[in-house]
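Letters A, B, ... are given to chains in the order of the sequence lines, protein chains preceding strands, and every chain is numbered from 1.
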Amino acid sequence: MKSAPKSINELLSRATDIAGLTLAHVAELNHAPVPKDLKRDKGWVGQLIEAELGATAGSKAEQDFQEIGVELKTIPINQNGKPIETTFVTFCSLMPPFTASFEDSVVFKKIQRVLWVPIEGDRDIPVRDRRIGTPFLWQPDQNEFLLLKQDWEEIIELISLGKVETITARYGEVMQLRPKAANSKALTETIDEFGKIIQVNPRGFYLKTSFTSRILAKAFG
DNA sequence: TGCTGATCATGC
DNA sequence: GCATGATCAGCA
């Protein structure tokens, strides 16, 4: 287990040092076995990079590197450098009181500064052979901020009106609300249109691939 | 074949 | 169940 990086530069330096390496290489540095596939190890890549960069292990809220205000996100990319999967941001509370402004939301707190680490993710590449790409620091620009804010406000508005069950993943320009749970039988509380408490499948916010694709394109020109 | 809804592992 | 880390898988 590595110590936490003391500055953004130190974090960036560590991330840059592993660019170009395979997952097997980094796994060896961390004395970690490499799974054959990710079917039962969906978070393995993210946790490996966390360990390598010195993020605090375990489940805790807020950013990965709280002292320096950075969230770490690995992102699987294809041969063209485009994202293969959406990016999970955080759970969405479905019960009042609802956060009043996007600026105060957990979503914004998490993604106001992200260290993106692209990693080859095509399923025909064995996990051990997948290479780590060039990391980069990202903060939403004015346009990105507004798009995220609009989506967040629209989704929270519907939930506050008791209409969470009408929200599908098709909602949102750049950010969507989707199930996030052990399975479809998991339940959490929300309100219906009359304010009555009902049980629904838990939901989380995800960044759409079209949005993260633009972020990657901007970073790499 | 891209995308949405579903799912997996783990700690507490 | 919630929160961490995400990817799977089947259907339109």
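- Interface remark: the A/Lys73 side chain does not form any donor-acceptor pair with the C/dG5 base, using a distance-only criterion of under 3.5 Å.
- For the pair A/Asn201 and A/Leu187, the tightest heavy-atom approach, listed with the atom from each and the gap, is N-CD2, 4.3 Å.
- A distance of 8.5 Å separates OG of A/Ser101 from CD of A/Glu153, quoted to the nearest 0.5 Å.
- Whole-Å rounding puts the A/Arg203 CZ to B/dA6 C1' distance at 12 Å.
- Summarising the geometry, atom CD belonging to A/Gln199 is positioned 7.0 Å from atom OG1 belonging to A/Thr188; distances are rounded to the nearest 0.5 Å.
- Within 6.0 Å of atom CD in A/Gln142, 12 or fewer heavy atoms from other residues, nucleotides or ligands are found, so the atom counts as exposed in its surroundings.
- The residue A/Ala186 sits close only to the backbone: its heavy atoms come under 4.0 Å of sugar-phosphate atoms, none of a base.
- Rounded to whole Å, atom C1' of C/dC2 lies 14 Å from atom CD of A/Glu62.
- In this structure, A/Lys208 reaches neither bases nor backbone, as no heavy-atom distance under 4.0 Å exists between it and the strands shown.
- Along DNA chain B, the nucleotide nearest to A/Gln47 and the one nearest to A/Thr168 differ in position, and the one closer to the 5' end is contacted by A/Thr168.
- Nearest heavy atoms, A/Thr99 versus A/Trp152: O-CH2, 3.2 Å.
- Rounded to an integer number of Å, the gap from A/Lys110 NZ to C/dG5 C1' is 10 Å.
- Between the P atom of C/dT4 and the CD1 atom of A/Ile111 lies a distance of 13 Å, rounded to the nearest Å.
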Inset, instruction - Using a 4.0 Å heavy-atom cut-off, write out nucleotides 7-12 of chain C from 5' to 3' as B (base contacted by protein), S (sugar-phosphate only) or - (no contact). - result: BBB---
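- The residue A/Glu71 sits close only to the backbone: its heavy atoms come under 4.0 Å of sugar-phosphate atoms, none of a base.
- What separates NZ of A/Lys185 from C1' of B/dG5 is a distance of 14 Å, to the nearest Å.
- The aromatic rings of A/Phe145 and A/Phe108 lie perpendicular to each other, with more than 60° between the two planes, well past the 30° mark.
- Residue contacts shown for A/Ile84 are absent, as no nucleic acid heavy atom lies under 4.0 Å away.
- Judged purely by atom type and a 3.5 angstrom limit, A/Arg113 has no side-chain atom pairing as donor or acceptor with the backbone of A/Leu137.
- The interatomic distance linking A/Gln63 (CD) with C/dG5 (C1') rounds to 16 Å, in whole Å.
- Between A/Asn78 atom CG and B/dG2 atom C1' there is a gap of 12 Å when expressed in whole angstrom units.
- Atom CD of A/Glu165 and atom C1' of B/dG5 are 15 Å apart (whole Å).
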